[in-house]
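Chain letters run A, B, ... following the sequence lines, proteins first and then strands; every chain starts at 1. Just so you know, these numbers come straight off a predicted model, no measurement behind them.
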Amino acid sequence: MEIASKYDPHAVEDRWYAFWIEKKLFHSEPDDRQPYTVVIPPPNVTGVLHMGHMLNNTIQDVLVRRARMMGKNACWVPGTDHASIATEAKVVKMLKDQGIDKRGLTRDEFMKYAWEWKEKYGGIILQQLRKLGASCDWDRTAFTMDDIRYESVIRVFCDLYNKGLIYRGVRMVNWDPQALTAVSDEEVIYKESHGKLYYLRYMIEGEPGKYAVVATTRPETIMGDTAMCINPNDPKNTHLRGKKVVVPIVGRVIPVIEDEYVDIEFGTGCLKVTPAHDINDYNLGLTHHLESIDIFNDNGTLNDNGGKYAGMDRFACRKQIVQDLEEAGLLEKVEDYTNNVGYSERTNVVIEPKLSAQWFVKMRDISAKALEVVEDNTIRFHPEKFKNTYRHWLENIKDWCISRQLWWGQRIPAYYLPNKEVVVAPSREEAYRLACEKYPGVVKSADELVQDEDVLDTWFSSWLWPISLFDGIRNPDNKEIKYYYPTEDLITAPDIIFFWVARMIMAGEEYRKEVPFKNVYFTGIVRDKLGRKMSKQLGNSPDPLVLIDKYGADGVRMGMLLTAPAGNDLPFDESICEQGRNFANKIWNALRLVKGWAVSDELQQSHENELSIQWMEQRMACVLEEVERDFESYRLSEALMASYKLVWDDFCSWYLEMVKPAYGTPIDRETMACTLDIFEKLMCILHPFMPFVTEEIWHTLRPVCRAGQSIMTQPMPTSVFFDQRFLDEFTMAQEMVAGVRALRNTKGLSPKEALDLYVKGNAPLQFNGIITKLANLSKIETTKDKMDGALSFMVGTTECFVPVNININKEDEIKKLEEELKYTEGFLASVMKKLGNEKFVNGAPEKVVAVERKKQADAEQKIAALKAQIEALR
RNA sequence: GGGAGUAUAGCUCAGCUGGUUCAGAGCACCUGCCUUACAAGCAGGGGGUCACAAGUUCGAACCUUGUUACUCCCACCA
């Protein structure tokens, strides 16, 4: 059979993915096996695959595939998130491009367009995940706004409302003037920005010519000023007590109030108070019962309260008002100033604090248990340091603003009566019944009820995800939720620990009385070579599909995993995918080698081959133990590295060379069978990391037996007992081989020329045959005496001699030996110093002292040998 | 402003309870090889004051304190 000398992922990947789908190998149904459930962090339905998704989903796939091979009923549920703001913005833009203005549409018309858009363009990302090899149960694909999830969200809203955990209130919220909606605190990104600090003169009423100076970064908000505030302990402003001042330009007379909130050191110690447009001013307004004057329209332009500036954009107004102040002589000075300004995460416009009526979830009670289960490790965080972040947030938690002034989302099931009362119910009909019950005679038909215009925050759907995916809100006792919940591992990025992770834990406690997952694995953030976060704006993110095309899905998966320890940022450089690609090719060529061997039934298995197999199996057991430990502690990159070295070094570089028959000669059947077994097991170990190439090779190794089957469902090899002493002895044999090779290298001896090897001291005699083969020796003998005129090297305390025909440069040899002697003597000296220290000998554990004595003996022996060799050369 | 974390080879990282020849791995690099599986390869090799300083200890990459640098999170003083 002809096998191409280079592995070509293109020919393989799509074929096997189709095969897995066809055989329904990703699909899970509840059965007797132990469940292993993972829910995907639902990507935005509008999203396209980026490197963060690649990392995140590769990790999930590794865990899921491994669990499946370990005999668990693995279920990885995919889906997408409706992403209110992002999606609505995209649809609005699309409509605009078609010349349609959203404001000219009814809600229903808009929703129709939005759903059409979603059906047409949404979920591309799920298609892309297939290229990566993701073994999601696609039959279960869900959407946060499909019927089950929509209804679940509505039910939860009603339930929490009835429990008194949801309320409507007027609060200062973060207003996004572009998206025209409130956003939660978590969606505001503060960025340092360079602005100006304006010093404005507020004339004191009744004292002509006298004024107080106020420093502000936002002079346009003076129209909303309803007080000036000073600190009662501020000596420089005592003269302002009880006075009234005149707001510049506006002319309104406002009182001077006193509050310790004001920082005496900042500016002049005078603060203008604009309760409608600053959260701190708002709080001052509450304490001092100030009037609130809202000067902005929802889109960030000034409203009628802005007087002559009405209709202007807030930033244009700032410019104009500064000019007007200057002309009026009311601008004292302007300084450069750097402060933090909040931007909307979604639209990147400056957030405007705004008073408005919104719906909130009371967080205090609902969050208490959520802290506990993480503190007591019912849910484990990997890495653990994120517990700190989590604790800090929960201990300072604020109520969650869940209403959004958008159409794309679950519409809030609150209905207003003509008498301004509100009822909350899952449907208009039920709301009507409820209204009749609570306020008899107020409404005559359901049509009279006016439903709240707002939709719910997208996270208000996502927080139910692990439950709603299995319909556990609507049917809390159904078979699926009982089987699959709680899920096992959650893989997510640390930046949504509050948005999502914390809230899922709360929802889990509230609706299942149980945690939603047992482990949370926080991935790092994928950055570029310069350490910048990869983002669309910067254009520094490679297209994952192009990478897959270039290096193969297996290559990219491996590249990502190799440098991605949990919680560490991943400085991604495309070149690391090469390592993955090269590895796939390496295994591929091992396949070519093995498949090229002719098998003979006549041949007896040699002792060397038997030993080689024994070693390889033990070595595999040893590494498996390590891999299992790594998986238990979620150290995936280490598990992969250990597997990588097992295959490349132990299997390819050593084992295959050991059993490889001489060119043109066959291999015995027994060794061939064992080699295939080992090779298959290695493919199983690698399968979770590199699903495609391992499936292809697994089939090619034994095409007839494996037809119609998949490596996916093979049992994962587990570690068994291994003899460490045997492995150590082999290590010594390896060192002897390496010693001979090094001699050839430094002395320019051809690898083709067979050499003799004489060994003085301890040697792993049982491996002589193997050493002979790998080092290309004609013979290997033990000797009691050192040999003159031969090249030499040492393995531990064992001396090895290789007689050669070339002239030995005695000076060079002596120099080399003397260097080693010097090092060993230094080493011995440090050992002796330790052993000479009474406190050490008495204080250290016996075992440690014994080790030191062994070091001493070995070093002394080595020094004697080196000295003798030098002497002989002289 | 508050908190957390990190600092080990050119790069990315291991290094567990302080003690094994403990200073490691992979990549990169250097040298020699197209050896009939693989140059996406083989064989061999060089490379680190474990950020800095002090302390604890018989013994410190590891524990303590301080210093410096970087990263992240939270808060949002106009």
Side chain of [X] (C-beta onward), nearest among [options]:
X: A/Leu656; options: B/rA37, B/rG5, B/rU35; answer: B/rA37
X: A/Val851; options: B/rA78, B/rU20, B/rC74; answer: B/rU20
X: A/Asn589; options: B/rC38, B/rA14, B/rA75; answer: B/rC38
X: A/Tyr663; options: B/rA78, B/rC72, B/rU36; answer: B/rU36
X: A/Glu638; options: B/rA14, B/rU36, B/rA78; answer: B/rA14
X: A/Asn339; options: B/rC74, B/rA43, B/rA78; answer: B/rA78
X: A/Lys645; options: B/rA43, B/rG44, B/rG26; answer: B/rG26

Measuring to OP1 and OP2 of [N], would you say a side-chain N or O of [X] lies under 4.0 angstrom away?
X: A/Trp648; N: B/rC42; value: yes
X: A/Asn340; N: B/rA75; value: no
X: A/Arg592; N: B/rU36; value: no
X: A/Lys660; N: B/rA37; value: yes
X: A/Tyr190; N: B/rC73; value: no
X: A/Lys398; N: B/rC76; value: yes
X: A/Lys586; N: B/rC42; value: yes
X: A/Tyr644; N: B/rC27; value: yes

[X] [atom1] - [N] [atom2] separation (whole Å):
X: A/Met558; N: B/rA40; atom1: CE; atom2: P; value: 17 Å
X: A/Phe522; N: B/rC73; atom1: CZ; atom2: C1'; value: 12 Å
X: A/Glu578; N: B/rA40; atom1: CD; atom2: P; value: 10 Å
X: A/Asp649; N: B/rG44; atom1: CG; atom2: P; value: 11 Å
X: A/Gln734; N: B/rA43; atom1: CD; atom2: P; value: 11 Å
X: A/Phe386; N: B/rC74; atom1: CZ; atom2: C1'; value: 14 Å
X: A/Ile667; N: B/rU36; atom1: CD1; atom2: C1'; value: 16 Å

- line: By nearest-heavy-atom nucleotide on RNA chain B, the more 5' of A/Asn396 and A/Arg218 is A/Asn396
query: Which sits closer to the 5' end of RNA chain B, A/Val594 or A/Val841, going by the nucleotide each is nearest to?
result: A/Val594
Which nucleotide, in any strand shown, forms a Watson-Crick or G-U wobble pair with [N], with both distances under 3.5 Å?
N: B/rA23; answer: none
N: B/rG55; answer: B/rC63
N: B/rC34; answer: none
N: B/rA7; answer: B/rU68
N: B/rG1; answer: B/rC74

field: Within the 6.0 Å centroid threshold, strictly below: A/Phe386 and A/Phe522
entry: yes
- prompt: Between the base of B/rC38 and the side chain of A/Asn585, is there a donor-acceptor distance below 3.5 Å?
  reply: no
task: Would you state whether a donor and an acceptor, one from the side chain of A/Asn745 and one from the base of B/rA43, lie under 3.5 Å apart?
output: yes
- prompt: When you check the gap from the basic side-chain N to the acidic O, do A/Glu632 and A/Arg629 get nearer than 4.0 Å?
  reply: no
message: Any carboxylate oxygen within less than 4.0 angstrom of a Lys/Arg side-chain nitrogen, looking at A/Lys862 and A/Glu820?
response: yes
query: Can you tell me if A/Glu860 and A/Gln856 form a side-chain donor-acceptor pair at under 3.5 Å?
result: yes
message: Against the six-membered ring of A/Phe840, is A/Lys834 placed for a cation-pi contact (under 6.0 Å from the centre, within 45° of the normal)?
response: yes
message: Let's go through A/Asn174 and A/Val183 carefully: what are the C-alpha distance in whole Å and the side-chain angles of both, what is the deciding distance for side chain to side chain contact (heavy atoms under 4.5 Å, CB included) to 0.1 Å, and is it a yes or a no?
response: CA-CA 6 Å; A/Asn174 307 297; A/Val183 296; 3.8 Å; yes
query: Shortest non-hydrogen contact from A/Phe583 to A/Trp648?
result: CD1-CE3, 3.5 Å
